[in-house]
Each structure stands twice: as C-alpha cells, then as structure tokens.
Amino acid sequence: MTSQSSAQVNTLAESLAQSKRVCVLTGAGVSKESGVPTFRDKDGLWNKFRPEELANVEAFIRNPKLVWEWYCWRRELMAGVEPNPGHYALAELETLFDDFALVTQNVDNMHQNAGSKNVIELHGNILRNKCHDCGYIFSEEESKQIVDFAEGELPRCPKCKDGLLRPDIVWFGEMLPEDAIDFAWKKAMEADIFISIGTSAVVYPAAMLPQQAKSAGAFLVEINPKRTELSPLADIVIEEPSGVALPEVTRQFKIILGK
Ligand code: OAD
C-alpha cells in the first residue's frame, strides 16, 4: 500500500470511530480478488458478452436456453470461489457496530459466505430461482432441489406448474426489489459514514445511494484501485484493491477501539 493510502486508511478508521451508523455499498470489484470477473474492467464480462443477449427479459423470452447456459456457467464459476480478505474484513467490521448496513450489487452470495449478516441485495442472487410467470422466488435451498437446466430441460415452476424458471437476478430494464432499495435508501440517508467499494458507480439507482448519503451529511469514502465518476464527490478515495485496504481498515479501527 502506498504511504498516501496508509494515511487515508487511518483517516477512515478514525472516522469510523466517530460514527454510529455505517452504510457500505459494494460492487463486483470486491469479488475480483476471489476470481469473479467484474463487468466493465478491461477483462470484464460486458467486454466479452452482450448484455442485450443475456441480461434482459426480452433475451430470455427469445432464447431461454442461451440465457440459462450463461447463468449456469456463472453459477459454476461462483461455486468454485471463496470469499477474500476484503469480504471477511467487512464481516468483522459489522460486528463492531450496532447499526451497519451492507448494500451490495453483487449476486454471488460471497458477503454472506464470509459471515456478513445485514446484507441488502439490490440485484438479486444467482443461487436463487424465480418464476417468470407467477413471480414466486425460490430460496437457495429450494432452488437446489429443483432440477437444474444443467441437467437438460429448461426448468419449470413447481408452484404454478407451467412458468419458466429464471435466475433471481435483476436484469436491465427491471425494477429493483422494492423492500431492498427502500431499506438501502433509508440506511444511506441515515448514515454518518458511507463507503463505496469496488463499484464503477454507473448503474442506477444503486449509484444514487452514495450521492444521497453525501448530500444528507455522510462522510463519503471510496475504495477502488481506479478512480470513478463518484471519486470527485468523495471525501477520501483509497486507490487500492479492497482485499488489501479493508483488512487494514478493520485492523486500524480495532486498535482505536482497543480490541
Ligand atoms: P463494474 O464492473 O461496473 O465495476 C467494477 C469496479 O471494481 C471498477 O470500478 C473497478 O475499478 C473496481 N475494481 C476492480 N478490481 C478491484 C479490487 N480488487 N478491489 C476493489 N475494486 C476493484 O461492476 P459494478 O459497479 O458492480 O448488474 O456493476 C454494477 C452492475 O452492473 C452489476 O451489479 C451488474 C452489472 O450489469 C446486474 O447484474 C444486475
């Protein structure tokens, strides 16, 4: 870590010590060091695949097999990866606060796997299925019981018996789950400190959260090895990978707390 980054990590740890309410927003960058590709980096998914063919409902209606093949590939990829030190540091940080919300755009379940409890999923979860017709959402456990596309046929809804199942992911043009975005909004507005980590901050409405938090008075921090559209608004930008910066933030904060 550069000496500038170290100094900023200390500032962040001190700001955390003065904060009661913490809101964190994460994006694909947080899982990059686990081996999950991001979307808009040079080697990102949207530089290799076309979201119009894979991540919207029209594409699913047109060619559900293609869409399922892509999600099965991503499910397999995610089944073989582990949380990294950044995920674990966030899970530990949560235990040091009474009011800590972790809002994520990620669908990979990695924060939960690392032990984070109060996770607000804005874009769904790749391990769950949802019925395209009746809208029923099957839990991760239920989804495991359903015969998967990987075994051949397109999966059908066991509830309504007819609808095609799809992954429980928010696709382009779809609304975010209302409860999740409402809760995330409330947490952002109440936050003393808001930390945006590993997101390009270009996908709305998630990208509104740090902006709103800042205008409601939060201290705004960004952790990302590359500057983003959010960087000019942030009070501190720590230009480091999250798997490097976050363990250091938690370590420094615990020193301040005497733990
Ligand atoms: P992006 O791919 O747009 O941005 C990833 C960000 O992570 C970039 O700003 C990178 O600089 C940063 N990054 C790369 N490596 C990092 C590391 N080791 N540590 C920290 N940051 C790192 O991904 P998102 O912002 O998450 O939507 O994209 C938002 C949404 O767009 C996604 O949720 C997805 C996509 O379409 C859905 O799937 C619905």
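Whatever order the structure lists them in is the order used to number ligands and atoms, beginning at 1. Residues take their numbers from the sequence shown, with the count starting at 1. Worth saying up front: this structure is predicted, and the values here are computed from it rather than measured.
Judged by distance alone, with hydrogens and angles left aside, the side-chain atoms of Ser31 form no donor-acceptor pair with the main-chain N or O of Ser34 at under 3.5 Å.
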Verdict with reasoning, Lys254 to Leu96, per side chain to side chain contact (heavy atoms under 4.5 Å, CB included): CA-CA 8 Å; Lys254 281 169 69 185; Leu96 304 170; 3.7 Å; yes
Residue pair Phe97, Phe253: steps toward the ring-ring contact (aromatic ring centres under 6.0 Å, His included) verdict: CA-CA 11 Å; Phe97 285 92; Phe253 180 55; 5.2 Å; yes
CA sep, side-chain torsions, deciding dist, call: Asp168, Asn125, side-chain hydrogen bond (donor to acceptor under 3.5 Å, both in side chains): CA-CA 6 Å; Asp168 181 23; Asn125 187 309; over 6 Å; no
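Atoms of ligand 1 lying under 4.0 Å from any heavy atom of Glu33, numbered from 1 in the order shown and given with element: 17 (C), 18 (N), 19 (N). Ligand 1 places these atoms under 4.0 Å from at least one heavy atom of Gln105: 29 (C), 33 (O). Counting atoms of ligand 1 from 1 in the listed order, those under 4.0 Å from a heavy atom of Lys226 are 11 (O). Remark: ligand 1 atoms within the under-4.0 Å shell around heavy atoms of Pro241 are 17 (C), 18 (N), 19 (N). Short contacts between ligand 1 and Asp41, defined as distances under 4.0 Å to a heavy atom of the residue, involve ligand atoms 8 (C), 10 (C), 11 (O), 14 (C). Close approach of ligand 1 to Phe172 is summarised as follows: ligand atoms under 4.0 Å from at least one heavy atom of the residue are 36 (O). The atoms of ligand 1 that sit less than 4.0 Å from any heavy atom of Gly27 are 26 (O).
Here the heavy atom of the protein found nearest to atom 25 (O) of ligand 1 is Thr199 OG1, 2.7 Å. Closest to atom 17 (C) of ligand 1, if we only count protein heavy atoms, is Gly29 O, 3.3 Å. For atom 5 (C) of ligand 1, the closest non-hydrogen atom on the protein side is Gly198 O, 3.7 Å. If you check which protein heavy atom lies closest to atom 30 (C) of ligand 1, you get Val203 CG2, 3.7 Å. Protein heavy atom nearest atom 15 (N) of ligand 1, with residue, atom name and distance: Lys32 CG, 3.8 Å.
Contacts of Arg40 with ligand 1, taken as heavy-atom pairs under 4.0 Å, involve both backbone and side chain. Counting heavy atoms under 4.0 Å from ligand 1, residue Val170 touches it through the backbone alone. Only side-chain heavy atoms of Trp46 come within less than 4.0 Å of ligand 1; its backbone N, CA, C and O stay farther off. Of all the heavy atoms of His123, the ones lying under 4.0 Å from any atom of ligand 1 belong exclusively to the side chain.
Nearest residue to atom 19 (N) of ligand 1 from Ser242, Ser231, Ser200 is Ser242 (criterion: closest heavy atom). Counting only non-hydrogen atoms, the option in Asp43, Asn224, Leu122 that gets closest to atom 9 (O) of ligand 1 is Asn224.
Between Arg227 and Pro232, the shortest heavy-atom contact is NH2-N, 4.4 Å. Listed here is the closest heavy atom pair of Glu53 and Val67: O-CG2, 3.8 Å. Among all heavy-atom pairs drawn from Phe183 and Ile120, the shortest one is CD2-CD1, 3.3 Å.
Using a 4.0 angstrom heavy-atom cutoff, Trp171 does not count as in contact with ligand 1. In this structure, Pro225 has a heavy atom closer than 4.0 Å to ligand 1.
For the 3.5 Å distance criterion, the side chains of Glu240 and Ser5 qualify, holding a donor opposite an acceptor.
By the neighbour-count criterion of 12 heavy atoms within 6.0 Å, atom CD of Glu142 is densely surrounded, having more than that number from other residues, nucleotides or ligands. More than 12 heavy atoms of other residues, nucleotides or ligands sit less than 6.0 Å from atom CD of Glu52.
In terms of N/O distances under 3.5 Å, ligand 1 is not approached by Glu240. Between Asn106 and ligand 1, a contact under 3.5 Å exists for no N or O pair. Remark: ligand 1 and Ala28 share an N or O pair separated by less than 3.5 Å (distance only, no angle test). For ligand 1, the polar-atom distance check against Thr228 finds no nitrogen or oxygen pair separated by under 3.5 Å. Distances between N or O atoms of Phe39 and those of ligand 1 include at least one value under 3.5 Å.
With respect to Arg128, the side-chain hydrogen bond (donor to acceptor under 3.5 Å, both in side chains) criterion is satisfied by exactly one of Glu141, Glu140, Glu121: Glu121.
Under the 4.0 Å criterion applied to side-chain N and carboxylate O atoms, Lys187 and Asp99 are assigned as salt-bridge partners. Looking at Lys130 and Glu174, no side-chain N of the basic residue comes within less than 4.0 Å of a carboxylate O on the acidic one, giving no salt bridge.
Considering CD of Glu76 and CH2 of Trp73, their distance stands at 10.5 Å, rounded to 0.5 Å.
Ring-plane geometry between Trp46 and Phe39 is classed as tilted, the angle between the planes lying from 30 to 60 degrees on a 0 to 90 degree scale.
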